[in-house]
Each structure stands twice: as structure tokens, then as C-alpha cells.
Amino acid sequence: MLLSIPEKPELTDTQAQILDAAIRCVGRLGLQKTTLNDIATEANVARSTVYTHYLNRDDVIRFALLHSGYCFVEKIASAIEEVPQGAERLVEATLFALQTLPNEPCLMLITDHNLNKMVNEHTLTTEAGFAITTAIVEFLIGDAPTDDISREQQAEIALRTFLSLLTLQGPEPRDVESLRAFINAWLLPPLGLTK
């Protein structure tokens with residue numbers, strides 16, 4: 001099964017330049033201090049050019065996060081393409097994402113507590129954001145037998161668990177094998193999956 005992400009937006013070079021600039025500004029200045037002028041200056045475009053494509057600063061940042069999410073999902077799909085669908089693929093994708101995401105310049109910002117509210121309100125709970133999450137779960141699990149749990153419920157459980165693992169430190173650091181065991185024990189049963 002191929003990964004089918006709904007409605008991946010095509011960007012012009014200018015739009016991509018603006019979105020990249022927004023991420024750099026938020027990373028450098030923080031969300032509260034980043035202005036639309038900062039983004040336009042960083043992108044080397046006029047403020048009016050930003051308004052041609054986006055409603056306001058929050059709109060730019062929301063689109064930047066969503067676009068970055070699409071790109072990261074493509075990396076996950078490429079990294080795990082040899083792993084068979086089902087529980088093992090879900091675990092390996094989760095491990096890959098947990099190890100890689102903190103180093104992704106655009107997406108590492110979702111772990112910033114100042115962006116959590118924006119990520120929740122404008123990216124993860126939007127129709128497009130949830131459709132991406134559901135498509136990822138469908139791609140990972142495929143037709144593996146599961147209990148009577150809908151894909152939407154599986155997507156929500158997987159997303160909540162992943163964000164928790166990403167943002168909350170455990171009592172002790174885990175190496176890859178102990179993290180794999182933890183994910184097997186705590187993520188698979190609520191999703192109706194067995195290894």
C-alpha cells in the first residue's frame with residue numbers, strides 16, 4: 001500500500017521561501033516575538049507579497065508547520081518502506097520519528113511549549129491535519145487484523161501517544177530496544193494490535 005496523503009498543497013518558490021523564513025524566525029525569535037515584518041524580511045520579499053499568499057502571521061506559521069509535516073511523513077515512509085505493514089511497521093515508524101523529529105529544523109518547533117497551543121488549534125486538529133494522521137495510520141497498519149477500533153480512533157490514540165513520548169521525559173532515559181519494548185507494550189494494545 002502506498003502512502004496517500006490527502007491534499008498535499010503545491011507551493012510556489014515564493015510560498016516555500018516565506019514558509020521557510022517563518023520557521024527560521026520562530027526558531028530564532030520565538031513565536032511571541034516573530035512578526036509578519038520579520039518573516040517578510042527573512043524571506044527577502046515585501047510584506048504585501050506575504051499577504052498575497054497568507055492571511056496573517058499565524059496563517060503563515062500554520063501552513064509552515066503543515067507543509068513541514070507533509071515532508072516529514074514522506075521521510076518516514078521512505079525509511080520504513082521495507083518493514084511489513086502492521087504492528088511492527090507502526091513501532092518502527094514511531095521509533096524513527098522519535099529519533100529524527102527533534103533534529104528536523106521545521107518540526108522541532110512543535111515541542112516548544114509556546115507553540116503547543118498553535119499546533120493543537122491550527123494543525124493537528126484541523127481536517128487536513130487529522131486526515132494526514134489517519135492516512136499515516138492506514139499506511140502503517142494496512143490490513144493487519146485489529147480489534148473493533150476505527151481508523152480515526154487509532155489515529156487519535158497513536159497521535160496522542162506519539163506527542164506524549166516526544167514532549168514528556170520519562171523517569172529514565174531509554175535506549176532503542178527499551179523504547180521499542182515500551183512502544184510495543186503501551187501503544188499496540190490500545191490500537192487493537194498485537195506483535
Side-chain angles (χ1 to χ4, degrees), residues 1-8 23 65-195:
M1 172 185 285
L2 295 174
L3 178 57
S4 174
I5 303 174
E7 301 177 35
K8 181 178 179 183
I23 293 298
L65 290 169
L66 187 60
H67 181 69
S68 298
Y70 280 117
C71 294
F72 188 68
V73 166
E74 289 170 350
K75 285 183 183 183
I76 293 172
S78 177
I80 62 159
E81 65 186 344
E82 299 300 319
V83 179
Q85 287 181 325
E88 182 182 0
R89 185 177 247 195
L90 178 64
V91 170
E92 293 308 311
T94 302
L95 279 171
F96 175 83
L98 289 171
Q99 293 168 335
T100 309
L101 189 66
N103 300 316
E104 287 287 314
C106 298
L107 291 173
M108 64 191 275
L109 296 175
I110 69 169
T111 61
D112 181 321
H113 71 280
N114 291 321
L115 279 179
N116 284 343
K117 185 175 187 229
M118 177 176 278
V119 168
N120 187 47
E121 289 177 356
H122 297 293
T123 307
L124 300 176
T125 58
T126 63
E127 186 176 328
F130 194 67
I132 292 169
T133 303
T134 304
I136 293 167
V137 169
E138 180 70 33
F139 169 71
L140 296 173
I141 296 173
D143 58 2
T146 63
D147 293 340
D148 191 24
I149 298 174
S150 73
R151 285 293 192 235
E152 290 78 17
Q153 289 172 320
Q154 288 174 323
E156 182 178 354
I157 291 166
L159 179 61
R160 289 178 183 275
T161 303
F162 174 74
L163 289 175
S164 174
L165 288 169
L166 184 65
T167 58
L168 299 174
Q169 293 293 327
E172 297 177 14
R174 290 189 171 91
D175 63 17
V176 173
E177 288 310 311
S178 64
L179 184 56
R180 182 178 282 118
F182 186 83
I183 293 167
N184 273 302
W186 292 101
L187 177 59
L188 299 183
L191 295 179
L193 295 168
T194 55
K195 182 106 170 149

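When every heavy atom of P190 is checked against every heavy atom of I149, the shortest pair comes out as O-CD1, 3.1 Å. Of all heavy-atom pairs between P189 and N184, the closest is CD-O, 3.4 Å. Here the shortest heavy-atom pairing between S178 and R174 reads OG-CB, 3.2 Å. The nearest pair of heavy atoms linking A93 to I80 is CB-CD1, 3.8 Å.
The distance from the OG1 atom of T100 to the CG atom of L95 is 10.0 Å, given to the nearest 0.5 Å. With values rounded to the nearest 0.5 angstrom, I183 atom CD1 is found 9.5 Å from T161 atom OG1. A distance of 6.5 Å separates CG in L179 from CG in L165, rounded to the nearest 0.5 Å.
For the pair V137 and L191, the minimum side-chain heavy-atom distance is 4.5 Å or more. Counting heavy atoms from C-beta on, the side chains of F139 and V73 never come closer than 4.5 Å.
Between the side chain of T94 and the backbone N or O of L90 there is at least one donor-acceptor pair closer than 3.5 Å. For the pair R89 (side chain) and V83 (backbone), a donor-acceptor distance under 3.5 Å is present.
Scored by the side-chain contact (heavy atoms from CB on, under 4.5 Å) test, Q99 finds V176 as partners (sequence neighbours excluded). For R151, the side chain to side chain donor-acceptor pair (under 3.5 Å) partners at least two apart in sequence or on another chain are E138, Q154. Annotation: side-chain contact (heavy atoms from CB on, under 4.5 Å) contacts of A97 (sequence neighbours excluded): F72, I76, F162. Every residue two or more places apart in sequence or in another chain that forms a side-chain contact (heavy atoms from CB on, under 4.5 Å) with E177 is listed here: D175, R180.
Contacts classified as salt bridge (Lys or Arg N to Asp or Glu O under 4.0 Å) and involving residues 164-173 (residues at least two apart or in different chains) are not found.
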